[in-house]
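Remarks on the structure that follows.
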Amino acid sequence: MNTRLKSDSYTRDRKAVIDLTQKLVQIPSVYRGEGVEGGNEEKVANYVADHLREIGIETHIEEVVPGRPNVIGIIDSGKPGKTLLFEGHTDVVTEGDRNAWKYDPFGAEIVEGRMYGRGTNDTKGNLACMITAVHSILQDEEEFSGKIILCIPCDEEGLMLGIKHFIKQGWAKGVDGAIICEPEENNVCIAQRGAIRLQVDFHGKMAHGAISWSGINPNWRLARFITEIEKLEKAETKRLGEDPYLRWPSITPTIIQSPVTGDAQINVIPDHCRLTLDIRTVPEQNHDVLLQTIEGIVSDMKAEDSDCRIDLTVLDNRPPTATAKEDAVVKAIYGAVEEITGKEPIYNGVPGATDGTFLHMEGIPIVTIGAGDREIPHQLNEYVDIEELAETTAIFKEAALRFLNGRV
């Protein structure tokens, strides 16, 4: 173990990051829809903003949509240099059935070295790490050049409205590198899969189930489309093989609605059904080409079936990302992990998309890293190891100083 992990600063930061993680987890920030009291990120964002002000960080809070603000922290050395961005979101996914949890999902209980609760892993624990790391730099009066930006957006688990607003407001201009704070077991993740969210609507004619010839059943068209999509997924997997960091591309049917509106009845053919696809891509795939292929499937179905009416709607389109090992932000993180853990860092990739996708689209090199088991996000009894929180805080601090001071 690095001697720094036995220092007074480490002991101080360990306690601080555990306390802050608990406080953040204990403020529920599941987005539950418009008009639901407490069903958004507002309370936790206000808490974070107050905390940043208390520890002497310039703080801005901007409402993205009602009740859903972004928080931005600025630490300027006053000396010219690079700008490093840390990003960690305030929203968490639903806890689901509370009775199915062993521990209170918003209790942040610590049991045998683990803290349990929604967001401990994804990603309030890592949000606490990045804030504590920067606070530690200030407390220890560490010398550095340039500037640190803390990007703390809403809605990462949805359509990423927060990071889009952050970029639109100009906060990302001039950023030289970004550390995306997500649960990756402190692997150095230099690639992430892209995402296309596709809605497919099938239109028919409502009729009695016993007189099927008098209607047009859109469910048959949906079924044929799914089988064609499965063939496409298999063909892409065979064509591309397994990516060293991201494994395989995927096309996953998720939501099926039939009918889309109104009550379903067993003896009624619906006039409209809907399918959503969660498509995950690897850097070798071109999103435009993939979408054209899917449009081709629809065109072929229409050519073979005069009653086939299908509409495709792209709900979201996020390209895959890749950052070179030689980039300064990657080298800073790699060196920090090696320094703090005393182990050779592991390069890896992110199986899903993150807010970092949109920063990457702005030309900002990104690396994703943080505390927490990679398989735990969104599960019941979500947890994070408290020692990993402390270790990650030390890694973030060391990486920031390496990057800003040119020690890469």
Side-chain angles (χ1 to χ4, degrees), residues 155-161 163-164 167 180 182 189-203 218-257 260 273-305 308-324 348-366 368 377-378:
D155 195 47
E156 192 269 354
E157 301 291 1
L159 294 178
M160 301 188 174
L161 299 176
I163 194 66
K164 293 173 183 176
I167 292 167
I180 311 304
E182 294 280 354
C189 295
I190 57 175
Q192 59 182 4
R193 291 205 293 176
I196 302 172
R197 305 282 172 79
L198 195 62
Q199 177 180 299
V200 192
D201 288 277
F202 302 82
H203 303 279
N219 291 334
W220 289 123
R221 282 78 188 175
L222 185 151
R224 285 202 290 274
F225 180 80
I226 281 186
T227 60
E228 292 302 314
I229 286 297
E230 183 181 23
K231 292 176 186 176
L232 176 59
E233 182 192 58
K234 289 179 178 178
E236 287 293 278
T237 299
K238 183 177 180 180
R239 178 176 73 88
L240 297 162
E242 184 177 1
D243 185 273
Y245 302 130
L246 302 172
R247 308 200 76 179
W248 299 277
S250 61
I251 307 176
T252 306
T254 50
I255 302 170
I256 296 177
Q257 294 174 289
V260 175
C273 64
R274 176 177 292 164
L275 167 73
T276 60
L277 297 176
D278 183 2
I279 303 171
R280 303 293 173 147
T281 59
V282 296
E284 291 79 8
Q285 288 176 291
N286 182 296
H287 281 203
D288 290 339
V289 171
L290 187 57
L291 286 169
Q292 288 169 9
T293 303
I294 294 172
E295 289 168 358
I297 291 172
V298 170
S299 296
D300 290 345
M301 289 179 61
K302 289 179 177 179
E304 297 169 2
D305 178 359
C308 184
R309 291 189 294 130
I310 304 174
D311 295 324
L312 294 176
T313 305
V314 178
L315 303 176
D316 203 17
N317 190 342
R318 313 171 195 168
T321 72
T323 306
N348 213 326
V350 182
T354 71
D355 281 334
T357 300
F358 294 97
L359 296 170
H360 175 83
M361 290 169 67
E362 293 296 306
I364 299 169
I366 64 169
T368 307
H378 303 191

* **Pairs where residues 278-294 contributes a residue and the test salt bridge (Lys or Arg N to Asp or Glu O under 4.0 Å) is met, not counting sequence neighbours** => R197-D278, D278-R280
Hey, could you give me the [atom1]/[atom2] distance between [X] and [Y], rounded to the nearest 0.5 Å?
X	Y	atom1	atom2	result
Q199	L315	CD	CG	5.0 Å
T227	L232	OG1	CG	11.5 Å
N286	Q292	CG	CD	7.5 Å
I256	N219	CD1	CG	9.0 Å
I279	L290	CD1	CG	5.5 Å
L277	T254	CG	OG1	7.0 Å

For the residue pair [X] and [Y], establish whether any side-chain heavy-atom pair is separated by less than 4.5 Å.
X	Y	result
R247	R193	no
E233	P249	no
Q285	R239	yes
I294	V200	no
W248	L240	no
Q192	T354	yes
T293	E236	no
I180	C189	no

* More than 12 foreign heavy atoms under 6.0 Å from NZ of K234: is that the case here? -> no
Minimal non-hydrogen separation, [X] against [Y], with atom names:
X	Y	result
P283	L246	CD-CD1, 3.5 Å
L159	K164	O-NZ, 3.0 Å
P320	H287	CD-NE2, 3.4 Å
F358	M160	CE1-SD, 3.5 Å
I366	G356	CD1-O, 3.5 Å

* To do: State whether a side-chain donor-acceptor pair under 3.5 Å links T357 with T321.
  => no
* Start with the C-alpha distance between L198 and V314, add both sets of side-chain angles, then the distance that settles side chain to side chain contact (heavy atoms under 4.5 Å, CB included), and finish with yes or no. => CA-CA 5 Å; L198 195 62; V314 178; 3.7 Å; yes
* To do: Applying side chain to side chain contact (heavy atoms under 4.5 Å, CB included), run through L275 and I229 and close with a yes or a no.
  => CA-CA 12 Å; L275 167 73; I229 286 297; 5.8 Å; no
* Sub-3.5 Å donor-acceptor pair from the side chain of T323 to the main-chain atoms of P365, do we have one? -> no
* Please step through side chain to side chain contact (heavy atoms under 4.5 Å, CB included) for the pair E182 and V350, ending with a clear verdict. => CA-CA 9 Å; E182 294 280 354; V350 182; over 6 Å; no
* **R224 with D305: basic N within carboxylate O range, under 4.0 Å** => yes
